[in-house]
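What you are looking at is a predicted structure, and each value in this text was computed from that prediction instead of being measured. Just so you know, ligand 1 is whichever comes first in the structure, and atom 1 is the first atom listed for that ligand.
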Amino acid sequence: VNHRVFIQVAGPPLAFGLILLGACLAGAWYINQLQRNLARVLTHNVANLQAAQELEISVRQLRFHTFLYALDPRLARREAIDADQENFERTLQRAKESAQSREQVASLDAIDAGYHQYHHDLAQLLTARSSADALAGLRNLEDSHPIRHVVDPCHELLRNNELKMEEISTQSERLGQHALVAMLALGLGGPLGGLILGYGIARGLSRSIYQLSVRVQDMAQRLDQDVASVRITASGDIQHVDKQLEYVVKRVEEVAERLQSQQREMLRAEQLSAVGQLAASVAHEIRNPLTGVKLLVEAAMRSPNGRPLVAEDFQVIHRELARLERTVQGLLDFAKLPAPNRIACDIRGLITEAVDLVRARADQQQVAIKVRSPEEPVGVMVDCDQFRTVFVNLFLNALDALPDGGSLEIDVQVSAHEDVRIAVSDSGAGIPPAIADRLFTPFASTKPSGTGLGLSLSRRIIEEHGGRITAANRAGGGASFIIQLPSRCEAVGTMS
Ligand code: ADP
């Protein structure tokens, strides 16, 4: 599955699920934390409650034993008082340790203070000299102290604890309700959110499929122009679109096949037309000199006194026949161009050989030839004979364009991509506009004795070597022919 589509479709539900999971975990953790707090507070409060009750019981016991001792001051009864005191102090200590709130601490402090007062008074009475005084004091003490100073704060502590317990229970109830609401919200929100998200995604997908379907429909309508009866309707159903695409692909194949066959037919027509044009050009080229010769011969035959052909006539006939021969030879060269016999050679050497062949004529016309080429060999894989012919053709054309002297420049360059570029430029009149657009077609010539086959033959040779030739007039006057050859190679030999 495409990653982007997967993220688009699965991303939102995944994110929503993760949010829900996070909310659930946070809720569970929070509830757990609260419960633990409640349990702790509850444990303390219960312990406090117990301690308050125990304190009250032990102070009542103390009071009882003190009363008994006052009635009958025996050692055994005194020991019971001591045991009660010890028990009370232990319970008070425990209660202090488990005290939580300020009120509890205050109540316990009050109990402690009351107890100390009682303890102090009791100790004094127990050590009194006169037993009558002690007895009276003990009765007094029994009536006043324990109840007033210890039992009352004990009741206070009990009340406090009960209130606290009630508060905790209310808080716990409230929390329970909150947790219930949160769970309900999550329980309802999850499916509801999933439903909304699912609906949104399904809608988005359906819209995309619909758009795709519309495009397919549009494509099919365009095809209708070429292939009849392509009927397609837009819909949001992916299977339907799939079938539609299959259908359109079949139609496209049909159109492609039809176009290919049309292209083949066109190519054939073009070839036939080229052959026709060539035949017409050949006929034209041959008919002109033939007509000249025929007219002269007919004139001689028709002459009443049987005028023989004079030397001038023979010259004309000879010239026209030579022209015919050149045309036929050119045609033969053009038609019978052998397959190139490529070997690695230095293009600079080929250029030098071609320059040497035209040097005498250049000197005669006072044309300066300048060759600029790299210092190192420029190796190319070419048929040396054919390329020499190309260069000679170009140089002779340049010389034809420079009857009154001038310059012929040859530039050889190797590009960064190792392609070889050869520019042959002259300072002549430039390419005549009348011929510029058909310069490389056979028989295109502006020269009286030209065949118009030189450039078309050169182009054919260059193209068969995978290169190309272009021509342009130079800004400062003259023509420039540029040959581009594919990548250079190691030069093996420069001469053939
Ligand atoms: P031909 O030389 O027999 O005419 P080409 O195919 O070699 O045939 O040349 C075709 C025509 O291109 C020439 O007749 C001429 O008009 C034009 N041409 C070729 N080279 C040059 C040049 N260097 N400067 C001007 N015109 C040129």
For [atom], what is the nearest protein heavy atom, given as residue, atom name and distance?
atom: atom 25 (C) of ligand 1; answer: Gly430 O, 3.2 Å
atom: atom 17 (C) of ligand 1; answer: Leu439 CD1, 3.9 Å
atom: atom 16 (O) of ligand 1; answer: Thr446 OG1, 2.4 Å
atom: atom 8 (O) of ligand 1; answer: Gly452 CA, 3.2 Å
atom: atom 27 (C) of ligand 1; answer: Ile431 CG1, 4.4 Å
atom: atom 24 (N) of ligand 1; answer: Ala401 CB, 3.5 Å
atom: atom 5 (P) of ligand 1; answer: Leu455 N, 3.7 Å
atom: atom 20 (N) of ligand 1; answer: Asn397 CB, 3.3 Å

**OP:** Determine, using heavy atoms of Phe440 and all atoms of ligand 1, whether some pair is separated by less than 4.0 Å.
**Re:**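 No, that is not the case, since the closest heavy atom of the residue is not under 4.0 Å from the ligand.
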**OP:** Examine Phe481 against ligand 1 and note whether any of their N/O atoms are separated by less than 3.5 Å.
**Re:**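 Such a contact does not occur with ligand 1.
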Original post:
Is the backbone of Leu402 close enough, under 3.5 Å, to the side chain of Gln365 for a donor and an acceptor to pair up by distance?
Top reply: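 Checking the backbone N and O of Leu402 against the side chain of Gln365, a donor-acceptor pair under 3.5 Å is found.
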**OP:** Using a 4.0 Å heavy-atom cut-off, say whether Ala444 meets ligand 1 through its side chain, its backbone, both or neither.
**Re:**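 Backbone only.
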Original post:
With a 4.0 Å heavy-atom cut-off (strictly under), which part of Asp426 contacts ligand 1: side chain, backbone, both or neither?
Top reply: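 Side chain only.
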